[in-house]
There are 2 protein chains.
Amino acid sequence: MSNAKVLPVLEPAVEPCCPPLTERPLTAQEAIRTAAMFKALGDPVRLRLFSAVASHEGGEACVCDISDVGVSQPTVSHHLKKLKEAGLLTSERRGTWVYYRVEPSVLAAMGHILGRYAA
Amino acid sequence: MSNAKVLPVLEPAVEPCCPPLTERPLTAQEAIRTAAMFKALGDPVRLRLFSAVASHEGGEACVCDISDVGVSQPTVSHHLKKLKEAGLLTSERRGTWVYYRVEPSVLAAMGHILGRYAA
DNA sequence: CAGCTATGTTGACACATATCGAATCAACGG
DNA sequence: CCGTTGATTCGATATGTGTCAACATAGCTG
């Protein structure tokens, strides 16, 4: 028992977690956290889905708009779930369709971690 | 024999390949290319190794300086090879030790791809 | 309510990858 | 030239991951 911070999935790595890669060597904890964000974008299908949402009008898109990436519908759903778990996307059901939206803070954190190279 | 451009490892995806994720949906080709870069940083051990090199004095470090990440020496070598194949690091042998150095252009490309979020 | 469409979930499988031990290669020193 | 130390490669294995078919769920519409 003890504390309730055990569940890893409830912490989508949104908070400003880690310093730029050039500042000092990351600790094991920081590396696990940061790697999860990069890993989420480390798959071509996920990257295309994310890009489709990010570039869509209004910063959001329903699954029906973005599901044409060459894989089956369950696979699309699977990848969207991964992106959501990584904190990169949020979803909301409005009637028949489910809309996905980009979470800017996590992208900002990734840009921050890349440090001076990203500038 | 024929031409010498057969080896795939000679194309480390350094050139400015892709637009920001928010500009338009990535094509399949672009996504494969971009995902490879993010994937390389999507492992905690690789991230720690890369951070150790990036934050080391002079922007370079020998394997002996950074191999204390909790995995065996062959595993360290394996991950460094992956980072090199992704174009994130370059290596050079000087006497007994091998020195690794950050390739800034790839990091810049990643920052560019993150788009306005990284700023 | 019945049927239809849009998403999500489950189970299974093929493939990739992270890891280690052992062997090998490279440089240095006696 | 041989032994030592650092670094990579090889072989094997366990785990992770992407994928799809089948099924389940949610909401609209008649």
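Values reported hereafter were calculated over all heavy atoms of this structure, with side chains retained and with hydrogens, waters and symmetry mates removed. Only a predicted model underlies this, so the values are computations on that prediction, with no experimental measurement involved. Reminder, nothing fancy here: chain letters follow the sequence lines and each chain counts from 1.
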Protein-nucleotide distance ([X], atom [atom1]; [N], atom [atom2]), rounded to Å:
| X | N | atom1 | atom2 | value |
| --- | --- | --- | --- | --- |
| K84(A) | dT7(C) | NZ | P | 13 Å |
| L80(A) | dG18(D) | CG | C1' | 14 Å |
| Y100(B) | dA7(D) | OH | P | 9 Å |
| D65(A) | dT5(C) | CG | P | 18 Å |
| R94(B) | dA27(C) | CZ | P | 14 Å |
| D68(A) | dA6(C) | CG | P | 14 Å |
| L83(B) | dT8(D) | CG | P | 12 Å |
| E92(A) | dG8(C) | CD | P | 13 Å |

Taking OP1 and OP2 of [N], is either one under 4.0 Å from a side-chain nitrogen or oxygen of [X]?
| X | N | answer |
| --- | --- | --- |
| K39(A) | dT17(D) | yes |
| W97(A) | dT7(C) | yes |
| T75(A) | dG18(D) | no |

Nucleotide of dT7(C), dT9(D), dG18(D) approaching V63(A) most closely (side-chain heavy atoms) = dT7(C)

Over all strands shown, is [X] touching base, sugar-phosphate only, or nothing at heavy-atom distances under 4.0 angstrom?
| X | value |
| --- | --- |
| Y99(A) | nothing |
| R46(B) | sugar-phosphate |
| H78(B) | base |
| V45(B) | sugar-phosphate |
| T96(A) | sugar-phosphate |

Report the C-alpha distance between L80(A) and I66(A) in whole Å, list the side-chain angles of each, state the deciding distance to 0.1 Å, and finish with yes or no for side chain to side chain contact (heavy atoms under 4.5 Å, CB included).
-> CA-CA 11 Å; L80(A) 288 173; I66(A) 61 177; 4.2 Å; yes

For E23(A), does the CD atom have more than 12 heavy-atom neighbours from other residues, nucleotides or ligands under 6.0 Å away?
-> yes

Could you say whether G70(A) or R93(A) is positioned toward the 5' end of DNA chain D, judged by the nucleotide with the nearest heavy atom to each?
-> G70(A)

Which comes earlier along DNA chain D counting from the 5' end, the contact point of C64(B) or that of Q73(A), where each point is its nearest nucleotide?
-> C64(B)

Spacing of [X] atom [atom1] and [Y] atom [atom2] [to the nearest 0.5 Å]:
| X | Y | atom1 | atom2 | result |
| --- | --- | --- | --- | --- |
| L21(B) | L88(A) | CG | CG | 10.0 Å |
| L83(A) | S91(A) | CG | OG | 11.0 Å |
| K39(A) | L47(B) | NZ | CG | 12.0 Å |

